[in-house]
Protein chains: 2
Amino acid sequence: MLKNRVKELRARYGLTQSDLGKQVDVTRQTIAFIEKGEFSPSITLALKLAKSLQTNVNELFWLEEDGNEK
Amino acid sequence: MLKNRVKELRARYGLTQSDLGKQVDVTRQTIAFIEKGEFSPSITLALKLAKSLQTNVNELFWLEEDGNEK
DNA sequence: ACATTATGTTATATAAACCGAACATTTAAT
DNA sequence: ATTAAATGTTCGGTTTATATAACATAATGT
């Protein structure tokens, strides 16, 4: 299962979902979906997000094995 | 532009595209497309690839700004 | 020479990411 | 209390990731 710290880091930098979306060229809905964990963004977007949030992809996104991984 | 070291690391570990595909649950064609840089995999797949290739996502995939970034 | 295995490549199909717009709810400011 | 900004959420659409299958070629082994 994919987890992430986008919401936490976005808050830390005082960015709105719209702000962050503009920085990485996606809509605020896309940011919202990612924060909710509703889908797995492309690595390109993940890299852009990490850059905007001044971290790296490994710290932003990770896989957690809880119970069911195929 | 998205770059990666999948082909290089796969060779280093003596894995075929099929082998790697099986390890991360995609087809060999998907691995081939990624190696050719023809698309940007999901972060979930990128994380699995990094794990299989004993590295981290940052070292496996990166963005290179050559001329045109939108 | 023949068989097998790995890779390159292309075509069609499906699933998932992402957009744009809309409307509702929450939060913050005045 | 009212307004505005931020977020939640949903819907119908387009684009892209990924699957499956097929065929071709190169490399390897016998």
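Naming: A, B, ... by sequence-line order, numbering from 1 per chain. Hydrogens, waters and symmetry mates are skipped; everything else that's a heavy atom, side chains included, is used.
- A straight line from CG of B:Leu45 to P of C:dA15 spans 18 Å, rounded to a whole angstrom.
- Regarding A:Phe33, its CZ atom lies at a distance of 16 Å from the C1' atom of C:dA15, rounded to whole Å.
- The nearest whole Å value for the distance from the CD atom in B:Glu38 to the C1' atom in D:dA17 is 12 Å.
- With a 4.5 Å cut-off on side-chain heavy atoms, B:Ile34 and B:Leu45 count as touching.
- B:Lys36 has a side-chain polar atom (N or O) that falls below the 4.0 Å cut-off from OP1 or OP2 of C:dT9.
- Here the side chains of B:Phe61 and B:Val6 are in contact, with some heavy-atom distance below 4.5 Å.
- A rotation axis mapping the C1' atoms of four pairs onto the next four is fitted at both ends of the helix from C:dA1-D:dT30 to C:dT30-D:dA1 over five pairs, and the angle between these axes is 50° to 10 degrees.
- In terms of polar N and O atoms assigned as donor or acceptor, the side chain of A:Arg28 never comes within less than 3.5 Å of the base of C:dG20 in a complementary pairing.
- Of the side-chain N and O atoms in B:Thr30, none sit less than 4.0 angstrom from OP1 or OP2 of D:dA17.
- B:Lys7 has a side-chain polar atom (N or O) that falls below the 4.0 Å cut-off from OP1 or OP2 of C:dG8.
- Put simply, CZ on A:Arg10 and CG on A:Leu53 are 9.0 Å apart, with the number rounded to the nearest 0.5 Å.
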Please list, for nucleotides 25-30 of chain C, all pairs of protein and nucleotide N/O atoms separated by less than 3.5 Å.
none

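- Taking the side chain as every heavy atom from C-beta outward, A:Leu47 and A:Thr44 never approach each other to under 4.5 Å.
- Inter-residue side-chain proximity for A:Ile31 and A:Leu49 is flagged as met; some heavy-atom pair is nearer than 4.5 Å.
- C:dA17 atom P lies 16 Å from atom CD of A:Glu35, rounded to whole Å.
- Side-chain atoms of A:Glu35 and A:Gln17 form a donor-acceptor pair, as typed in the model, at a separation below 3.5 Å.
- Note on A:Ser42: a side-chain N or O is less than 4.0 Å away from OP1 or OP2 of C:dC18.
- Put simply, the side chain of B:Gln29 and the base of D:dA19 share no donor and acceptor less than 3.5 Å apart.
- The side-chain heavy atoms of B:Met1 and B:Leu63, taken from C-beta on, include no pair separated by under 4.5 Å.
- At a threshold of 4.5 Å between non-hydrogen side-chain atoms, the residues A:Leu2 and A:Trp62 do not count as touching.
- Contacts of A:Thr16 with the nucleic acid, taken as non-hydrogen atoms under 4.0 Å apart, involve only primed sugar atoms and P, OP1 or OP2.
- Atom-to-atom, CD of B:Gln17 to P of D:dA19 comes out at 13 Å; the value is rounded to the nearest Å.
- For A:Lys22, there are no salt bridge (Lys or Arg N to Asp or Glu O under 4.0 Å) partners at least two apart in sequence or on another chain.
- Of the residues near DNA chain C, A:Pro41 and B:Ala32, the one whose nearest nucleotide (by heavy atom distance) lies more toward the 5' end is B:Ala32.
- The phosphate of D:dA19 (OP1 or OP2) has a side-chain N or O of B:Thr27 nearer than 4.0 angstrom.
- Between B:Ile43 and A:Ser42, the closest side-chain pair of non-hydrogen atoms is not below 4.5 Å.
- As a whole-Å value, the separation of B:Phe39 CZ from C:dC18 C1' is 16 Å.
- Atom CG of B:Leu20 is separated from atom C1' of C:dT7 by 14 Å (rounded to the nearest Å).
- If you measure from atom CD1 of A:Ile34 to atom C1' of C:dC19, you get 13 Å, rounded to the nearest angstrom.
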